[in-house]
Amino acid sequence: MAERYDFNAIQQKWQPKWREMGLYKTSEDRSRPKFYCLDFFPYPSGNGLSVGHLRNYVPTDVISRMKRMQGFNVLHPMGWDAFGLPAENFAIKMGVHPAETTAKNAANYRRQLTLVECSHDWDREINSTDPDYYKWTQWFFLLLHKRGLAYKATGAQWWCPDCRTILANEQVEQGRCWRCESQVEKKDLNQWFFKITDYADRLIDDLKTVDWPDRIKKMQENWIGKSIGAEAIFKGINPVSGQQHDIPIFTTRVDTIFGVTFMTLAPEHPLVEKLTHPDQKAAVEGYITESRKKSEIDRLSTEKEKTGVKLGSYAINPFNGEKVPIFIGDYVLYGYGTGAVMAVPAHDERDFAFARKYNLPVKEVITPDGKSQGELSSAYTEYGTLIESGQFSGLTSEQAIEKMINWLASNKLGFKRVNYKLRDWLISRQRYWGAPIPIVHCDCCGEVPVPENQLPIKLPEIKEFKPGSDGKSPLAFIDEWVNTTCPKCGKPAKRETDTMDGFACSSWYFLRFVNPKLASAPFNAEDGKYWLPVDLYVGGAEHAVMHLLYARFWTKVMQDAGLVPFAEPFMKLRNQGMMLAADGSKMSKSKGNVITPDEMVEKYGADALRAFILFLGTFEIEVSWSDDGIRGMHRFVNRVYDLISENHGGTGIASGKEADDLKRVLHKTIKAVSNDIDNFSFNTAIARLMELTNAMVEAAKKTSLASTSFWREAVETFLKLLAPITPFLAEELWQIIGNSGSVHQQKWPVWDESALVESTVTLPVQVNGKLRDQLDLPADIDEAAARHAAEASEKVQKHLEGKQIVKFIYVPKRMISFVVK
RNA sequence: GCGAGGGUGGCGAAAUUGGCAGACGCGCCAGACUUAGGAUCUGGUGGUUUUACCGUGCGGGUUCGAGUCCCGCCCUUCGCACCA
């Protein structure tokens with residue numbers, strides 16, 4: 001098609017010029033205020049970018065560009081979170097080294113991002129698989145190790161049989177691996193953990209200090225799952241020997257403890273063996289085997305019936321000395337609290353269901369009004385007043401909880417306890433393509449951290465990437481790599497063969513952009529002081545509890561180590577919504593409905609694509625692609641090109657109402673666009689620019705404004721507003737109207753509040769809430785005059801005639817209203 | 001079940017926070033230019049029985065005035081899901 005606006009030629013013309021100018025280079029000027037605008041660390045997949053990814057990258061680019069024009073020193077970098085399984089699996093299948101795949105994919109991402117002219121400073125590009133990068137990931141591991149926050153422990157962990165590696169809790173979704181969606185299982189292995197639980201409280205408390213979506217804050221809070229309660233010790237009695245064993249339980253409702261009628265242990269609980277009556281042994285063992293098998297598959301099924309088996313022994317309630325039967329049941333989780341619960345059927349739904357099923361007594365001890373409610377048909381789980389609770393009867397739940405915890409403490413039978421759902425972060429991965437854990441195992445010295453000056457521990461060049469089926473990393477088979485000497489005693493020793501979870505790399509990458517090439521440290525403290533923390537962080541909501549929690553944890557560790565002077569890495573966070581295919585389904589390679597930036601840039605140009613991505617819908621909400629929609633944006637871009645290339649302005653003097661009107665629209669646009677971009681309201685920013693375009697097209701047609709010097713000013717302002725959104729169009733027109741220099745290096749326009757004031761306004765007149773007329777009146781008209789004008793209107797009079805005016809309301813510049821009877 | 005969003009024309013969506021509902025765009029309709037139109041331009045476009053009335057998921061309420069505030073429902077998306 002014949003183009004008035006040849007976007008291809010324009011893109012090819014400006015791209016090399018801008019590169020040459022170094023338009024997107026981060027400045028070293030420390031006198032200006034800084035703005036650190038960061039995108040989530042992407043994994044460069046072999047599929048490349050789809051237009052959906054641009055919902056992340058175009059908005060941050062627009063903001064970066066506007067901030068630069070507003071005089072900020074902007075850091076807007078990009079890098080690759082390139083460790084991970086796809087490249088490794090590809091290597092297993094095709095024999096291509098992951099480093100090769102990764103480099104190729106990263107180059108493709110970079111090409112696509114520059115295709116739509118994202119203004120990243122490519123001089124600061126980083127790659128987490130680069131030894132110069134993972135050297136520092138290992139260095140941070142050692143920092144955590146030094147501070148007692150990295151430890152090895154054995155336990156049943158989530159194992160993905162497909163990926164053949166262990167996963168962290170956060171990486172298991174609905175019993176499936178977050179990457180390959182295969183069913184996970186539990187496996188006993190010796191694994192590395194980071195002690196994130198030490199930071200649980202700070203991770204909750206500091207959420208108050210950041211500007212993040214509430215949803216994400218809530219998700220993190222729920223994930224950490226803080227609950228305040230009490231630990232109380234019941235005594236379990238061996239049914240044969242009579243020997244007593246302490247069974248600590250955790251409860252948030254110690255006020256219900258007089259209502260305990262039985263107790264349940266998790267099947268894995270170590271005391272089960274000691275408390276099982278010989279007669280029940282077979283049944284108990286059968287139940288344990290059964291629940292092991294069940295694993296996660298049944299936990300997901302809708303059937304949630306509580307099951308359990310009697311141990312044949314009893315426990316003694318510390319408060320009243322009552323003996324209650326002990327059960328095991330798989331509704332009690334071994335990993336939470338103490339793995340044992342006191343069961344109060346009257347006041348807990350699960351216990352109620354269990355008691356019903358096994359015909360156990362229900363003892364009411366909390367009531368809404370201090371009086372028994374008789375037989376309960378369901379558990380009463382609210383707070384209330386205690387009954388049948390000895391010396392605590394008559395207290396409210398709140399009072400009782402405090403007094404009963406004190407009682408436990410003074411009798412050495414328990415204490416106040418805080419529990420978290422959060423578990424420590426399991427970072428061992430039995431795979432090749434990750435940062436090796438810098439630890440050496442020595443027969444004499446045990447676990448020895450590799451000294452800093454020996455970092456990085458580089459991955460060996462290998463040909464065979466398959467992990468062992470027994471939970472061994474492929475690295476374990478490379479003898480010449482595994483066998484080393486102990487850094488402490490010099491005797492033969494073996495390297496740790498697990499690599500680190502990829503989330504370790506992304507927990508600190510935002511620091512590396514400050515000094516991406518520095519050899520002596522992860523970053524320079526002085527530079528860090530200037531650039532950090534990140535001012536604006538944008539990416540998908542799917543990382544709510546993984547990356548975002550880990551990065552916050554590492555930052556707090558660094559703060560404690562004196563490396564950074566702040567507690568939170570990302571001051572402001574925003575999540576873009578997903579982009580669906582035109583039919584509302586997900587874009588996926590298998591469905592063949594993926595739309596790439598490449599095809600759209602070819603068809604409509606980078607400017608129309610950028611603007612359309614922004615215009616599609618509200619930033620956070622998911623939107624569907626529309627082929628018709630981008631054609632509309634293509635029209636808009638052309639319309640602007642026509643308007644300005646044909647009307648540069650002139651020497652005439654603009655005056656009169658038409659000039660004032662256009663001036664007002666112009667300044668309103670400056671204000672709206674500036675605020676809208678700051679507020680992530682890109683769709684309305686573009687709508688305002690369209691309105692300005694419409695007003696200018698109209699003015700060019702119907703007035704002589706286009707030959708005035710004011711028009712020239714308007715055009716220049718317009719182009720500056722357009723520059724962050726459609727950089728090529730703005731630059732080309734900037735040159736066409738005869739300017740030298742780049743529009744991208746101009747000062748962002750500032751609106752004149754006085755130019756916004758309208759001298760006359762159209763006021764709606766209502767009678768009894770119904771619109772009856774609209775009057776053009778001076779904006780500053782007083783109440784009496786407004787009333788007079790309204791009463792003079794024929795249309796209004798018709799509804800006032802013969803009625804009594806009970807009330808008159810005048811809201812200046814808004815409306816006039818009569819209430820009549 | 002718990003937690004957080006959301007419900008506005010044929011469609012994507014706006015609405016200075018209580019003040020003309022539907023900005024802007026898509027689509028559609030009509031016209032212009034055309035050998036042609038899935039190109040471009042111009043105008044129109046919430047509905048209806050059109051002096052007017054009805055319209056923001058449903059039912060109530062507050063108010064001169066409600067998409068916006070209050071009470072009670074329905075539907076929907078996304079998290080978490082036996083956490084004691």
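All chains are named by letter (A, B, ...) in the order of the sequence lines, taking the proteins before the strands, and each is independently numbered beginning at 1.
- Distance check: A:Ile224 CD1 to A:Tyr420 OH gives 9.0 Å after rounding to the nearest 0.5 Å.
- Among the protein residues, A:Asp628 comes within range of the sugar-phosphate backbone only, with heavy atoms under 4.0 Å from sugar or phosphate atoms but none that close to a base.
- For A:Asn694, the side-chain atoms get nearest to B:G25 when compared with the rest of B:C53, B:C82, B:G25.
- Residue A:Ile228 contributes atom CD1, which lies 15 Å from atom C1' of B:A84 at whole-angstrom precision.
- Evaluation of atom-type donor-acceptor distances gives no pair under 3.5 Å for the side chain of A:Arg253 against the base of B:A84.
- Within 3.5 Å, no donor on the side chain of A:Glu691 pairs with an acceptor on the base of B:C24, nor the reverse.
- Atom OH in A:Tyr641 sits about 17 Å away from atom P in B:U40, given to the nearest Å.
- A:Asp776 and A:Thr762 share a donor-acceptor pair across their side chains, judged by distance under 3.5 Å alone.
- Comparing B:C80, B:C53, B:A23 by their nearest atom to the side chain of A:Arg688 picks out B:A23.
- A distance of about 14 Å separates the P atoms of B:U8 and B:U76, rounded to the whole Å.
- Rounded to whole Å, the distance from CE on A:Met690 to P on B:A14 is 14 Å.
- Under the 4.0 Å criterion applied to side-chain N and carboxylate O atoms, A:Glu322 and A:Lys363 are assigned as salt-bridge partners.
- Within the nucleic acid shown, A:Thr251 comes within 4.0 Å of sugar-phosphate atoms alone, with no base atom in reach, counting heavy atoms only.
- Remark: A:Tyr336 is in phosphate contact with B:A84, judged by side-chain N or O atoms under 4.0 Å from OP1 or OP2.
- Within the 4.0 angstrom heavy-atom criterion, no nucleotide atom of any strand lies near A:Gly225.
- Just one residue in the list A:Leu573, A:Ile204, A:Val210 forms a side-chain contact (heavy atoms from CB on, under 4.5 Å) with A:Lys217, and that residue is A:Val210.
- Look at CG on A:Asn675: it is 17 Å from P on B:A14, rounded to the nearest Å.
- Within 4.0 Å (heavy atoms only), A:Val767 reaches no atom of the nucleic acid at all.
- Within 4.0 Å (heavy atoms only), A:Arg417 reaches no atom of the nucleic acid at all.
- Anti is the conformation of B:G27, whose glycosidic angle sits further than 90° from 0.
- Out of B:G19, B:A14, B:C20, the shortest distance to the side chain of A:Pro764 is found at B:C20.
- Using a 4.0 Å heavy-atom criterion, one finds that A:Thr618 contacts the sugar-phosphate atoms exclusively.
- Here A:Thr264 lies out of heavy-atom contact (under 4.0 Å) with every strand.
- Look at A:Arg215 and you won't find any side-chain N or O under 4.0 angstrom from OP1 or OP2 of B:C80.
- Using a 4.0 Å heavy-atom distance criterion, A:Ile809 is classed as a base contact.
- Across the protein-nucleic acid pair, A:Phe612 atom CZ and B:C24 atom P stand 18 Å apart, rounded to whole Å.
- A side-chain N or O of A:Trp751 and one of A:Glu753 form a donor-acceptor pair less than 3.5 Å apart.
- The line from NZ of A:Lys357 to CZ of A:Phe352 is 15.0 Å long, rounded to the nearest 0.5 Å.
- Contact annotation for A:Asn683: backbone-only contact, meaning every heavy-atom pair under 4.0 Å involves sugar-phosphate atoms and none involves a base.
- If you check every strand for non-hydrogen atoms under 4.0 Å, A:Lys218 touches sugar and phosphate atoms only.
- Taking the P atom of each, B:C53 and B:U62 are spaced 23 Å apart, rounded to whole Å.
- Using a 90° window around 0 for the glycosidic torsion, B:U17 falls inside it and is classed as syn.
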